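On a predicted model such as this, the values are computed, not experimentally measured, just so you know. FYI, the numbering just counts along the sequence from 1.
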Amino acid sequence: MRNQVPAATPVAKKTVWGSASFAKRAVAILLSATFLVTGCKKDEVDPTPDQTSTLTANAGADQQVQVGETVKLDGSASTDSKGAPLTFQWTVATKPAKSTAAISSANTAKPTFVPDEVGDYELELTVSNANGTSKDKVKLTATVAQPIAIDKSITVKTVLTDRVANPELPDYIVTKSIAVSHELTIEPGVVIAFERDTRLDINDNGGLVVAKGTAEKKIRFIGAEKTKGFWSGIMIYSGSNANVFEYIEVMHAGSRALVSSTKAGMALFGGGKAQIALKNSLFSQNDGYGLLVQEGGILREFAANSFTKNTEAGIIVDPANVVKLDAASVFTGENGRNVVEIKGYYLRDGNDITWNGFKDKTPYRLLGDFAVEIGLTLSPGVTIEAARDVMIMINSKGYLIAKGTATEKVTFTGAERTGAFWKGMIIYSTNSRNLIENAEISNGGSLVIVSGKKANLALYGGNLTLKNTVVSKSGGYGVFVSYTGRLNDDASTANTFTANAQDNIQLEK
């Protein structure tokens, strides 16, 4: 559209541009032209300016919590008025002076936080996006529940619950020795502290314990003071097949003997055929053994247990229960003796068995003379140590297969690796399966073993095939064979003999 402006009427006078009347007329013409131009664009609408988006942070309601509790924070109620997505950032604004607690996954809507000291915590949430930021705080007040005293024996069905979130603090405190004569269930996470010289007895004829923790929430039996040998320990008399301990810790026990004169964190009484299942558990810092199993006691199950920093060996067990020990359990964690101690004369119950080695190479140590009256197989890598002057006997009802490999020998030696330390091994068995191959036999011959002779190995009426074995450091003969014994004909050349006090092989005539 074109704008038309009327022509000015001629006048005789010269136009005066500065006059007021002319100025008014010029303004009118300009306004008329503007109206005409804008009127041509009546279909176009000016855009409406954006309104500012509003962000609102919401850190959730204030909470009363426990020290050690995993607190779930929640900022998901934070909003943007236009629904735009938000980013989250949590920080600790204030906390008790000694606290070192921090927020886990602090850049998420729902992080977690574990208060580690009594007191108040202020946690601040900042939400943000391209439209701005907003902040809010939540207050956590952390306290500690007081432990409940256990000062009476348990004579009714009882359940102990996890009352205190902090696994370093006790839920219960045993103020005097307690006898359990009914079913006791201990839930995951429970911590029971024992006052000085107190003990827990799980009695037979009704007493049983079910203590099943988890990897995240272990059940702990500890001293009220966390020092080695503060309380006595746990004595199991119960023969119930429901007794179970999983993911437990037994620490600081051994102040007094549990069995005869022997101290331990836990002991199984043999006379009543006490039994337990024990898995994924720790015995540590006990002034004595970690676990004691008397002859007659039963390890119903045993798997992935650890024994560390006990004054004696981690475990002492009778011969019948050795077969229950698994390769994954650890017995070498700074104990007084990093061995599996075996106390008991006979191995004669049950079918033929195999003793396996351990991943941590723990040796078996025989504390006294040891008689085998069933078939015993020793796996490659197994080490049998004997205490001073101890003898191993393979009796007529039993047999021995000790077959190692070139790299994983089966070893028979003394608890101290010095010549003539233990008495040696004697084979009475005529079983054709008797075999020692890829093995080492050393440091025997401390005392006469048979017929006035000292030897690392003696055959008295027994049969044996001996191959690829090193026989050394005997206080007498390497091998002594009575006139009724039978040794493979090539034994003198199929094996290695070193540093024996007398002949390598002596055949009685």
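With a 4.5 Å cut-off on side-chain heavy atoms, Leu140 and Phe113 count as touching. Using a 4.5 Å cut-off on side-chain heavy atoms (C-beta onward), Ile342 and Val322 make contact. The side-chain heavy atoms of Ile401 and Leu378, taken from C-beta on, include no pair separated by under 4.5 Å. Counting heavy atoms from C-beta on, the side chains of Tyr121 and Ser99 come closer than 4.5 Å. Between Tyr364 and Thr383, the closest side-chain pair of non-hydrogen atoms is not below 4.5 Å. Counting heavy atoms from C-beta on, the side chains of Met391 and Met425 never come closer than 4.5 Å. Here the side chains of Leu299 and Val293 are in contact, with some heavy-atom distance below 4.5 Å. Counting heavy atoms from C-beta outward, Asn131 and Asp80 have side chains that approach closer than 4.5 Å.
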Go through the steps to decide whether Val71 and Thr112 satisfy the test side-chain contact (heavy atoms from CB on, under 4.5 Å), and finish with yes or no. CA-CA 5 Å; Val71 180; Thr112 57; over 6 Å; no
Could you go through the side-chain contact (heavy atoms from CB on, under 4.5 Å) check for Asp162 and Lys217 one step at a time? CA-CA 9 Å; Asp162 184 13; Lys217 300 189 71 174; 3.0 Å; yes
Carefully, step by step, assess Thr377 and Ile353 under the rule side-chain contact (heavy atoms from CB on, under 4.5 Å). CA-CA 6 Å; Thr377 298; Ile353 61 170; over 6 Å; no
Full working for side-chain hydrogen bond (donor to acceptor under 3.5 Å, both in side chains) between Asp120 and Thr141: CA-CA 5 Å; Asp120 292 333; Thr141 301; 3.0 Å; yes
Show the numbers, then the answer: is there a side-chain hydrogen bond (donor to acceptor under 3.5 Å, both in side chains) between Ser181 and Thr155? CA-CA 5 Å; Ser181 57; Thr155 58; 5.6 Å; no
What verdict does the side-chain contact (heavy atoms from CB on, under 4.5 Å) test give for Arg365 and Leu367, after you've listed the backbone C-alpha separation in whole Å, the side-chain angles of each residue and the deciding distance to 0.1 Å? CA-CA 6 Å; Arg365 180 174 294 182; Leu367 300 185; 4.2 Å; yes
Is there a salt bridge (charged side-chain N to carboxylate O under 4.0 Å, His left out) between Asp201 and Arg199? Walk through the geometry before answering. CA-CA 7 Å; Asp201 291 341; Arg199 59 188 274 168; 2.9 Å; yes
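Thr100 and Asp116 form a side-chain donor-acceptor contact under 3.5 Å, judged by distance and modelled atom types alone. Side-chain contact, Asn280 with Asn305: no donor N or O sits under 3.5 Å from an acceptor N or O. Side-chain N/O atoms of Asp287 and Thr311 include a donor and acceptor closer than 3.5 Å. Looking at Asp326 and Ser329, their side chains do bring a donor and an acceptor atom within 3.5 Å of each other. Counted by atom type alone, Asn356 and Ser379 present one or more donor-acceptor pairs between their side chains at under 3.5 Å. In the model, Ser238 has no side-chain atom that pairs as donor or acceptor with a side-chain atom of Asp204 under 3.5 Å. For the residue pair Ser442 and Thr413, a side-chain donor N or O sits within less than 3.5 Å of a side-chain acceptor on the partner.
Heavy-atom contacts from other residues, nucleotides or ligands closer than 6.0 Å to CZ of Arg163 number more than 12. For NZ of Lys212, the number of neighbouring non-hydrogen atoms (other residues, nucleotides, ligands) closer than 6.0 Å is 12 at most. Summarising the local packing, NZ of Lys423 is surrounded by more than 12 heavy atoms from other residues, nucleotides or ligands at distances under 6.0 Å. Heavy-atom neighbours of Lys359 NZ from other residues, nucleotides or ligands within 6.0 Å: at or below the threshold of 12. Crowding of Glu408 atom CD: a count of heavy atoms from other residues, nucleotides or ligands under 6.0 Å exceeding 12.
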Could you pull out all donor-acceptor pairs under 3.5 Å where a side-chain atom in residues 343-352 meets a protein atom, sequence neighbours excluded?
residue: Asp352; atom: OD1; partner: Gly375; partner atom: N; Å: 3.0
residue: Asp352; atom: OD2; partner: Tyr399; partner atom: OH; Å: 2.9

Which donor-acceptor pairs under 3.5 Å do the side chains of residues 87-98 make with protein atoms, sequence neighbours left out?
residue: Thr87; atom: OG1; partner: Ser128; partner atom: O; Å: 3.0
residue: Thr87; atom: OG1; partner: Ser128; partner atom: OG; Å: 2.8
residue: Trp90; atom: NE1; partner: Thr108; partner atom: O; Å: 3.0
residue: Thr94; atom: OG1; partner: Glu122; partner atom: N; Å: 3.4
residue: Lys95; atom: NZ; partner: Ala101; partner atom: O; Å: 3.4

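Between the CD1 atom in Ile192 and the CD1 atom in Ile150 there is a gap of 5.5 Å [rounded to 0.5 Å]. Taking CD of Glu246 as the start and CD1 of Ile219 as the end, the distance is 9.0 Å to the nearest 0.5 Å. Atom-to-atom distance recorded for Asn443:CG and Lys473:NZ is 5.5 Å, nearest 0.5 angstrom. Separating the CG atom in Leu125 from the OG atom in Ser78 is a distance of 5.0 Å, to the nearest 0.5 Å. Distance CG/Leu435 to OG1/Thr469: 8.0 Å, rounded to 0.5 Å. The CZ atom of Arg220 sits 13.5 Å away from atom CD1 of Ile186, with the distance rounded to the nearest 0.5 Å.
Taking the six-membered ring where the residue is Trp, Phe302 and Phe307 present parallel rings, their angle staying beneath 30° rather than reaching 60°.
The shortest heavy-atom contact between Glu187 and Val159 is OE2-CG1, 3.6 Å. Shortest non-hydrogen contact noted between Val390 and Trp422 is O-CE3, 3.4 Å. For the residue pair Ile248 and Met266, the shortest heavy atom distance occurs at CD1-CE, 4.2 Å. When all heavy atoms of Lys228 and Asn310 are compared, the pair lying nearest together is NZ-C, 4.3 Å. Among all heavy-atom pairs drawn from Ala420 and Ser446, the shortest one is O-CB, 3.1 Å. Residue Ile315 comes nearest to Tyr289 through the heavy atom pair C-CD2, 4.1 Å, listed as atom of the first residue, atom of the second, then distance.
Under a 4.0 Å N-O distance rule, the pair Lys324/Glu301 does not qualify as a salt bridge. Between Glu312 and Lys263 there is no salt bridge, since no side-chain N of the basic residue sits under 4.0 Å from a carboxylate O of the acidic one. Ion pair Lys409/Glu440 not flagged as a salt bridge, since none of the NZ, NE, NH1 or NH2 atoms sits closer than 4.0 Å to an Asp/Glu carboxylate oxygen. A salt bridge between Lys176 and Asp151 is absent, with no side-chain N of the basic residue lying under 4.0 Å from a carboxylate O of the acidic one.
The side chain to side chain contact (heavy atoms under 4.5 Å, CB included) search around Thr198 returns Val174, Ser177, Phe194, Glu195, Trp231, not counting sequence neighbours.
Residues Trp355 and Phe370 bring their aromatic ring centres within 6.0 Å.
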